[in-house]
Chemist: 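Encoded as structure tokens, here's the structure I'll be asking about.
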Protein chains: 2
Amino acid sequence: MNPTIKDVAKKANVSTATVSRILNGLPGYSEETKKKVTEAIAELGYQPNAVARGLINKRTQTIGVLFPDVSGMLSSEVLEGVERAAHDAGFSVIVCNTASSGSRTIKYLRLLQEKRVDGIIFASENIKDEYAAIFSEMKVPVVLVSTESQKHTLPFVRVNDFEGAFSAAEFLIKNGHCKIGMIGGSFDDPIAGVPRMNGFKEALSKNGIEFEPNMLVANEGYRFNDGKNSLPKLLQQFPEMTAVFAASDELAIGAMSAAHEMNIKVPEQLSIIGYDNLKISEMCYPPLTTISQPLVQMGEKAGEMLTALIDGKEKTAESIYLPFEIVERLSVINRCKQ
Amino acid sequence: MNPTIKDVAKKANVSTATVSRILNGLPGYSEETKKKVTEAIAELGYQPNAVARGLINKRTQTIGVLFPDVSGMLSSEVLEGVERAAHDAGFSVIVCNTASSGSRTIKYLRLLQEKRVDGIIFASENIKDEYAAIFSEMKVPVVLVSTESQKHTLPFVRVNDFEGAFSAAEFLIKNGHCKIGMIGGSFDDPIAGVPRMNGFKEALSKNGIEFEPNMLVANEGYRFNDGKNSLPKLLQQFPEMTAVFAASDELAIGAMSAAHEMNIKVPEQLSIIGYDNLKISEMCYPPLTTISQPLVQMGEKAGEMLTALIDGKEKTAESIYLPFEIVERLSVINRCKQ
DNA sequence: TCTAGTTACGTAAACGTTTACATTATACGT
DNA sequence: ACGTATAATGTAAACGTTTACGTAACTAGA
């Protein structure tokens, strides 16, 4: 099969220990033997076996990442960041698509445990007690991205959704809108659902606008079709609305699509602001003004935190809120300047 | 640390061999001992160590997937399919982002070799000789997805781009268009560039339309901005155009965006057809008529082929062209019915 | 010249499995 | 009662590394 360290040792007339030392840059060999060994390695085309290494070192240089939805645009940007950071730190990443299913998540966690990954990144989903139990059983570092848990104290990297939503709503207000509706997520979603709705309400109230239930329509999910269906509903219960805050870009673009179909001009008749700054948000027409979550940077940061934890560089990781940003494009109009 | 098979054996008063047999469903133990062992496993919370297993079995139950662009929408859909198929067959997947860089690709390949993955899926990129050399050196199955190589005979799964492009152009013709332009990829891209341009030309010529160079603008890439920049150019060199075929959905949507800005109505004044059927294609306005590549299915099929090859179920894999499909939405108008 | 320290190695155990082979007990046919 | 096939189990080697420990040679200081 593949040549092993023994073959190299034999060819170079040294012991496997010496070869290993050379391979790992440990002290204890002469330049002369190093040369012999290096030549033997080249001649044989020797490649160290990471599996054997992993067995003895109890380190696989591999991390696992769990997403509810691998092909989602949000997940894929985060993944890019994670992969980059992991690879830069010498780790490979195994992707797992939980499809938001509890049982799948647990299966994957068990699998990662068997594979002896050195750490785990858990994205965009609520941490059930069951998961947390497995985490601590596994005794590997875990970092959360785009989610958090106050019950189970795990380090996370995300943006402050309350403030992001607050800023979005306030941005509309500053642009002269006072009849503002919201297309939100789910009341059952403590991560992206509730905080964004609360931030919205808070912005209204801080600016002397009283929130009324008819200004909001909530959704199970955050998808295009949810947004597309929500706009007509919202418009019906809140006809005087001049601007909408959508809790995700997909929702916003869905709303925009509905507006097109209803012959409502965006932004002239209706301003729309989204949340996420996915790649598509600059591709739609008009380009979407939105709250930017630095997704790949979040993934990257999470990857860095995790690998630092694994390498013991950090004892405990400090959770961080990454700054969001309002990226102004063309879907919001300033009513004052009209 | 974690309990090992030895701990289980001791607790159950049997040998490790027996435990192993029970774990792997091999014959040779009584119901009674099985019960003892199962109990011991449960009490200790024993989890087999896949690393040790991998060492002796020379199988890691892991495959590697290389993408030029992990967060690209195309890649991420393919990844979803691959992950699903792999997982169903008992494999984990390691993702690698080559960023279209040769040196990164090679580094990753070496890494996967060290990690002793059981197989490789290579997506969307041209196979350089150097890669092929490593493939054969690694002696693991490789399957290509969304690319192919006639020089190095590797199994692939993709759609026939020539025919896809041909159908797209012919679809426009059948809808009464005869002044048709194309926003294409690169002449240097033998995978998605040349075949799509040729398919386009062939459709014209088959229908008695003579192709002129001014009907085409080529691009380095397939991105939104390429499309956005290309439309004005194309319109300038081919003003009588009533329809465009774009070699990717991103190009098409970029073109649509440019049309919006130039106050050209889609599809009333200009019909657009894309290629890929990404998720965004139904989110833009008007929803994009496009050639559907079954991306997740392609990933899935590739994953199935690879795992079958690994498990030795298939000796050699048959390359396949998956069928494309024209998905009609609203970006193309029928001129005959006007 | 002797001792102590350093350098350059080699030996062998260990990591946690699987599995070929050996061993024992059991049942069965005559 | 005896051999034999079968079932149940154990022993130990093997997978390819790393590393604690041992040893021999050499250097340097007195």
Side-chain angles (χ1 to χ4, degrees), chain A residues 1-38 40-41 44-62 90 110-118 138-139, chain B residues 1-38 40-41 44-62 90 111 113-118 138-139:
Chain A
M1 265 305 212
N2 280 315
T4 74
I5 201 172
K6 285 185 192 172
D7 301 318
V8 175
K10 201 173 296 174
K11 180 145 209 156
N13 266 314
V14 297
S15 72
T16 61
T18 299
V19 179
S20 174
R21 280 188 277 256
I22 292 174
L23 246 26
N24 296 297
L26 300 173
Y29 53 85
S30 65
E31 275 308 309
E32 192 191 0
T33 60
K34 172 167 181 176
K35 198 179 150 224
K36 278 194 302 181
V37 169
T38 316
I41 288 176
L44 294 172
Y46 167 77
Q47 291 280 132
N49 182 328
V51 180
R53 258 188 190 165
L55 181 57
I56 193 148
N57 289 337
K58 295 167 177 315
R59 278 284 287 281
T60 52
Q61 298 297 123
T62 304
R110 292 287 175 211
L111 186 68
L112 293 174
Q113 189 175 18
E114 289 198 10
K115 290 244 160 106
R116 298 298 193 262
V117 296
D118 301 326
M138 286 178 76
K139 300 191 201 71
Chain B
M1 265 303 215
N2 280 316
T4 75
I5 200 173
K6 286 185 191 171
D7 301 320
V8 175
K10 200 173 296 174
K11 180 145 209 158
N13 265 314
V14 296
S15 73
T16 62
T18 299
V19 178
S20 175
R21 279 188 277 258
I22 292 174
L23 245 27
N24 296 295
L26 299 173
Y29 53 83
S30 65
E31 274 309 308
E32 192 192 1
T33 61
K34 172 169 181 175
K35 198 180 150 222
K36 277 195 303 183
V37 169
T38 316
I41 288 176
L44 294 172
Y46 167 76
Q47 290 281 130
N49 182 328
V51 179
R53 260 189 189 163
L55 181 57
I56 193 146
N57 289 338
K58 295 168 178 315
R59 278 284 288 282
T60 51
Q61 298 295 123
T62 304
L111 185 68
Q113 189 176 17
E114 289 198 11
K115 289 244 161 107
R116 298 297 192 264
V117 296
D118 300 327
M138 287 178 76
K139 298 191 202 72

Chemist: So does B:Gly90 get a backbone contact from the side chain of B:Gln61, meaning a donor-acceptor N/O pair under 3.5 Å?
Modeler: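 Yes: the side chain of B:Gln61 pairs with the backbone of B:Gly90.
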Chemist: Could you check which of C:dC9, C:dT17, D:dT18 has an atom nearest any side-chain atom of B:Lys6?
Modeler: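 Side chain of B:Lys6 sits closest to C:dT17.
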Chemist: Minimum heavy-atom separation for A:Asn49 and A:Val51, please, with both atom names.
Modeler: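 Taking every non-hydrogen atom into account, OD1-N, 2.7 Å.
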Chemist: Please confirm whether the backbone N or O of A:Thr4 pairs with a side-chain atom of A:Asp7, one donor and one acceptor, at under 3.5 Å?
Modeler: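 The answer is yes, because a donor-acceptor pair under 3.5 Å joins these two groups.
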Chemist: Output the residues of residues 23-33 of chain B in contact with DNA chain D, where contact means a heavy atom of the residue under 4.0 Å from an atom of the strand; sort by number or write none.
Modeler: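 By residue number: B:Gly28, B:Tyr29, B:Ser30, B:Thr33.
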Chemist: Could you walk me through whether B:Arg116 and A:Asn2 pass the side chain to side chain contact (heavy atoms under 4.5 Å, CB included) test, one step at a time?
Modeler: CA-CA 10 Å; B:Arg116 298 297 192 264; A:Asn2 280 315; 3.8 Å; yes
Chemist: Tell me whether the side-chain N/O atoms of B:Lys58 come closer than 4.0 Å to OP1 or OP2 in D:dG16.
Modeler: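 Yes.
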Chemist: Does B:Ala17 or B:Ile56 map to a spot on DNA chain D nearer the 5' end, using the closest nucleotide for each?
Modeler: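 Upstream on the strand: B:Ala17.
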Chemist: Looking only at heavy atoms, which two atoms of B:Pro27 and B:Arg21 are closest? And how far apart?
Modeler: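 For B:Pro27 and B:Arg21, the tightest heavy-atom pair comes out as O-CD, 3.6 Å.
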Chemist: How long is the line joining CD1 of B:Ile5 and C1' of D:dA12, in whole Å?
Modeler: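 So the CD1-C1' distance, B:Ile5 to D:dA12, works out to 14 Å.
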Chemist: Can you name the closest pair of heavy atoms from A:Lys36 and A:Asn13 and give their distance?
Modeler: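 Looks like NZ-O, 4.3 Å.
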Chemist: Under 4.0 Å, counting only non-hydrogen atoms across every strand here, what does A:Asn2 touch: a base, just sugar-phosphate, or nothing?
Modeler: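 Nothing, no heavy atom under 4.0 Å.
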Chemist: With rounding to the nearest 0.5 Å, note down the distance linking OH in B:Tyr46 to CD1 in B:Ile41.
Modeler: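 It is 7.0 Å, given to the nearest 0.5 Å.
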Chemist: Mind checking if B:Asn13 touches a base, just sugar-phosphate, or nothing, with heavy atoms under 4.0 Å?
Modeler: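 Counting heavy atoms under 4.0 Å across all strands, the contact made by B:Asn13 is with sugar-phosphate only.
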Chemist: Within the structure, does a side-chain N or O atom of B:Thr18 lie under 4.0 Å from either OP1 or OP2 of D:dG10?
Modeler: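 Checking B:Thr18 against D:dG10: at least one side-chain N or O falls below 4.0 Å of OP1 or OP2.
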Chemist: Could you state the atom-to-atom distance from CG of A:Asn57 to C1' of D:dG16 in whole Å?
Modeler: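 Interatomic distance, CG of A:Asn57 to C1' of D:dG16: 12 Å.
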Chemist: Please report the closest heavy-atom contact between A:Lys34 and A:Ile22, naming both atoms and the distance.
Modeler: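 Closest approach of A:Lys34 to A:Ile22, heavy atoms only: CA-CD1, 3.6 Å.
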Chemist: Whole-Å distance between D:dT9 C1' and B:Ile22 CD1?
Modeler: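 For the pair B:Ile22 CD1 and D:dT9 C1', the rounded distance is 10 Å.
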Chemist: When you check the phosphate oxygens OP1 and OP2 of D:dG16, does a side-chain N or O of A:Thr4 lie under 4.0 Å from one of them?
Modeler: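 Result: no.
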Chemist: Please give, in whole Å, the distance from C:dA14 C1' to A:Arg53 CZ?
Modeler: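 It works out to 17 Å between those atoms.
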Chemist: Minimum heavy-atom separation for B:Lys115 and A:Thr60, please, with both atom names.
Modeler: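 The pair with the smallest heavy-atom distance is CE-O, 3.4 Å.
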Chemist: Measure from CD on A:Glu114 to P on C:dC15 and round the result to the nearest Å.
Modeler: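 Going from CD in A:Glu114 over to P in C:dC15 covers 20 Å.
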Chemist: What are the residues of residues 44-51 of chain B, sorted by number, that bring a heavy atom to within less than 4.0 Å of DNA chain C?
Modeler: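 By residue number: B:Tyr46, B:Gln47, B:Pro48, B:Asn49.
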Chemist: Return the minimal non-hydrogen interatomic distance between A:Ala40 and A:Ala12, and the atom names on each side.
Modeler: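 In terms of heavy atoms, the two residues are closest at CB-CB, 4.1 Å.
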Chemist: Show each protein N/O and nucleotides 4-6 of chain C N/O combination with a separation under 3.5 Å, one pair to a line.
Modeler:
none

Chemist: Is a side-chain donor or acceptor of B:Asp118 paired with a backbone partner of B:Arg59 at a separation under 3.5 angstrom?
Modeler: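 Pair absent, no side-chain N/O of B:Asp118 close to backbone of B:Arg59.
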Chemist: Just to confirm, is there a sub-4.0 Å distance from OP1 or OP2 of C:dT19 to any side-chain nitrogen or oxygen of B:Arg21?
Modeler: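 No.
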Chemist: Among B:Asn24, B:Thr33, B:Thr38, B:Val8, which residue meets the side chain to side chain contact (heavy atoms under 4.5 Å, CB included) test with B:Val19?
Modeler: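 Checked B:Asn24, B:Thr33, B:Thr38, B:Val8 against B:Val19; only one passes side chain to side chain contact (heavy atoms under 4.5 Å, CB included): B:Val8.
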Chemist: Among the candidates D:dT18, D:dG16, C:dT17, find the nucleotide nearest to the side-chain atoms of A:Leu55.
Modeler: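 Closest nucleotide among those given: D:dG16.
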